[in-house]
Amino acid sequence: MRLSGAVVLVTGASSGIGAALVRRLVRAGSHVVAAGRDADRLRRLAAETGADTLLSDLNRPNAGRDLAERALARHTRVDVLVNNAGVGWAGPFAGMADPLADQLLAVNLRAPIELTRALLPGMCHRGGHLVFVGSIAGRLGVGGEAVYAATKAGLDAFAQSLRMELAARPVGVTTLVPGVVDTDFFVRRGEPYRRRRPRPLPPDRVADAVAEAITRDRAEIYLPGWLRLPVAVRGVLPGTYRRLATRFG
Ligand SMILES: NC(=O)c1ccc[n+]([C@@H]2O[C@H](COP(=O)([O-])OP(=O)(O)OC[C@H]3O[C@@H](n4cnc5c(N)ncnc54)[C@H](OP(=O)(O)O)[C@@H]3O)[C@@H](O)[C@H]2O)c1
């Protein structure tokens, strides 16, 4: 679908991948609705790009539906929805407090489902595109990130199922499968990224990939592309994969 002139709602727009995507989409001529919680960051982004902004805490009940309604009230239509907002947590599952697990489920999985449910009917009439920002954690599982990985696996399955269901409709669906991206994500989750490899990708590169996915209706994008390899090994040789993953993390 054409980015120029499209109304695009981006969640998690106040930071990292979302903010980079807002800049990329505005450059492409989209009317961007940038949603997030951090009012100061959103104000600065709006001043820089001219994007419209909506404050929304997706951890609240019905927040996804409410955000969709407010976006439609302002722009009458949403052509592209980018479900990007996400929150992580790292540590042993046994030590994870219930409210934290609930927060990950609400922001990473429930809100995207609510937003999609509210915006999809209009897209089915006019055409549209849905983007889901997943994670390699959701494809492979990661020790110490069980709930995060589960929310991303759920998002992944939701997106892939929708792509099949909507095959005859004018609505594209993209799943993004990033590895490590250079954002505040790791600091916010309480554990910085300390490994030397894989090297974190710049968020601009992820934004370029999302823009291309929408334009060319790509079903899924791994970033970087070689992440397909461990997923393939796990599918074909699960025992070998487990041994390698246990050894190299
Ligand atoms: N960075 C990575 O290595 C990596 C890898 C794989 C996947 N991802 C995924 O990429 C997406 C973007 O993350 P990022 O790397 O750009 O991290 P980030 O810089 O921490 O950005 C996360 C965004 O999500 C928003 N968010 C968090 N909790 C929210 C809530 N309760 N309500 C509304 N918005 C909320 C934040 O908004 P506020 O700042 O306004 O609270 C922020 O805009 C996430 O879904 C993440 O899981 C990231």
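Counting starts at 1 for both ligands and their atoms, following the listed order. Hydrogens, waters and symmetry mates play no part in the numbers below; they use all other heavy atoms, side chains included.
One finds no salt bridge joining Asp40 and Arg44 here, because no Lys/Arg side-chain nitrogen approaches an Asp/Glu carboxylate oxygen to under 4.0 Å. The pair Glu220-Arg163 fails the salt-bridge criterion, with no side-chain N (NZ, NE, NH1 or NH2) lying under 4.0 Å from an Asp/Glu carboxylate O. Using a 4.0 Å cut-off between a side-chain N of Lys or Arg and a carboxylate O of Asp or Glu, Arg24 and Asp204 do not qualify as a salt bridge. Under the 4.0 Å criterion applied to side-chain N and carboxylate O atoms, Arg205 and Asp182 are not assigned as salt-bridge partners.
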Criterion side-chain hydrogen bond (donor to acceptor under 3.5 Å, both in side chains) on His75 and Asp52, from CA distance to verdict: CA-CA 10 Å; His75 294 271; Asp52 188 15; 2.8 Å; yes

What verdict does the side-chain contact (heavy atoms from CB on, under 4.5 Å) test give for Leu58 and Leu67, after you've listed the backbone C-alpha separation in whole Å, the side-chain angles of each residue and the deciding distance to 0.1 Å? CA-CA 9 Å; Leu58 295 174; Leu67 173 61; 4.2 Å; yes

May I have the step-by-step check of side-chain hydrogen bond (donor to acceptor under 3.5 Å, both in side chains) for Arg43 and Thr53, ending in yes or no? CA-CA 8 Å; Arg43 207 175 297 120; Thr53 60; over 6 Å; no

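At the top of the distance list for atom 31 (N) of ligand 1, counting protein heavy atoms only, stands Asp57 OD1, 2.9 Å. Protein heavy atom in closest approach to atom 47 (O) of ligand 1: Tyr148 OH, 2.6 Å. Looking at atom 4 (C) of ligand 1, its nearest protein heavy atom turns out to be Gly179 O, 4.0 Å. At the shortest separation from atom 34 (N) of ligand 1 among protein heavy atoms lies Ala85 CB, 3.9 Å. Looking at atom 14 (P) of ligand 1, its nearest protein heavy atom turns out to be Thr183 OG1, 3.4 Å. At the top of the distance list for atom 38 (P) of ligand 1, counting protein heavy atoms only, stands Ser14 OG, 3.1 Å.
Heavy-atom contacts of Pro178 reach the following atoms of ligand 1: 6 (C), 7 (C) (cutoff under 4.0 Å). The atoms of ligand 1 that sit less than 4.0 Å from any heavy atom of Ser56 are 32 (N), 33 (C). With ligand atoms numbered from 1 in the order given, ligand 1 contributes 3 (O) to contacts under 4.0 Å with heavy atoms of Val180. Each of the following atoms of ligand 1 lies closer than 4.0 Å to a heavy atom of Asn59: 31 (N). Close approach of ligand 1 to Gly16 is summarised as follows: ligand atoms under 4.0 Å from at least one heavy atom of the residue are 16 (O), 19 (O). The ligand atoms of ligand 1 that sit less than 4.0 angstrom from a heavy atom of Ser135 are 6 (C), 7 (C). Interface of Gly86 with ligand 1, defined as ligand atoms under 4.0 Å from a residue heavy atom, comprises 22 (C), 24 (O), 27 (C), 44 (C), 45 (O).
Under 4.0 angstrom from ligand 1, the non-hydrogen atoms of Asp38 come from both its backbone and its side chain. Both the backbone and the side chain of Ile17 come within contact range of ligand 1, each with a heavy atom under 4.0 Å.
At a 3.5 angstrom cut-off on N or O pairs, Gly12 counts as close to ligand 1. Among the atoms of Val181, some N or O lies under 3.5 angstrom from an N or O of ligand 1. When only interatomic distances are considered, the shortest N/O to N/O separation between Phe186 and ligand 1 does not fall below 3.5 Å. Considering backbone and side-chain N/O of Gln103, none are found under 3.5 Å from N/O of ligand 1. Looking at ligand 1, you'll find an N or O of Leu58 within less than 3.5 Å of one of its N or O atoms.
At least one donor-acceptor pair closer than 3.5 Å links the side chain of Thr11 to the backbone N or O of Ala85.
If you take CG on Leu176 and CD1 on Ile17, they are separated by 7.0 Å, rounding to the nearest 0.5 Å. The line from OG of Ser56 to CG of Leu9 is 9.0 Å long, rounded to the nearest 0.5 Å. Taking CZ of Arg139 as the reference point, atom CZ of Arg234 lies at 10.5 Å (rounded to 0.5 Å). Here the straight-line distance linking atom CG of Leu42 with atom OG of Ser14 works out to 5.0 Å at 0.5 Å rounding. How far CZ of Arg110 is from OG1 of Thr151: 13.0 Å, rounded to the nearest 0.5 Å.
Heavy-atom proximity to atom 36 (C) of ligand 1, evaluated over Arg41, Lys152, Arg37, Arg188, is greatest for Arg188. Considering only non-hydrogen atoms, atom 10 (O) of ligand 1 lies nearest to Val133 out of Ile136, Val82, Val133. Distances from atom 44 (C) of ligand 1 to the heavy atoms of Leu45, Asp182, Asn84 show the closest one on Asn84. For the residues Ala13, Ser15, Gly138, the heavy atom positioned nearest atom 19 (O) of ligand 1 is part of Ser15.
Between Tyr193 and Phe186, the ring planes are tilted. Angles from 30° to 60° get that label.
In this structure, the ring of Phe93 has its center no less than 6.0 angstrom from the ring center of Tyr148.
At a 4.0 Å cut-off, not a single heavy atom of Ala19 sits close enough to ligand 1 to count as contact. The shortest heavy-atom distance from Gly134 to ligand 1 is under 4.0 Å.
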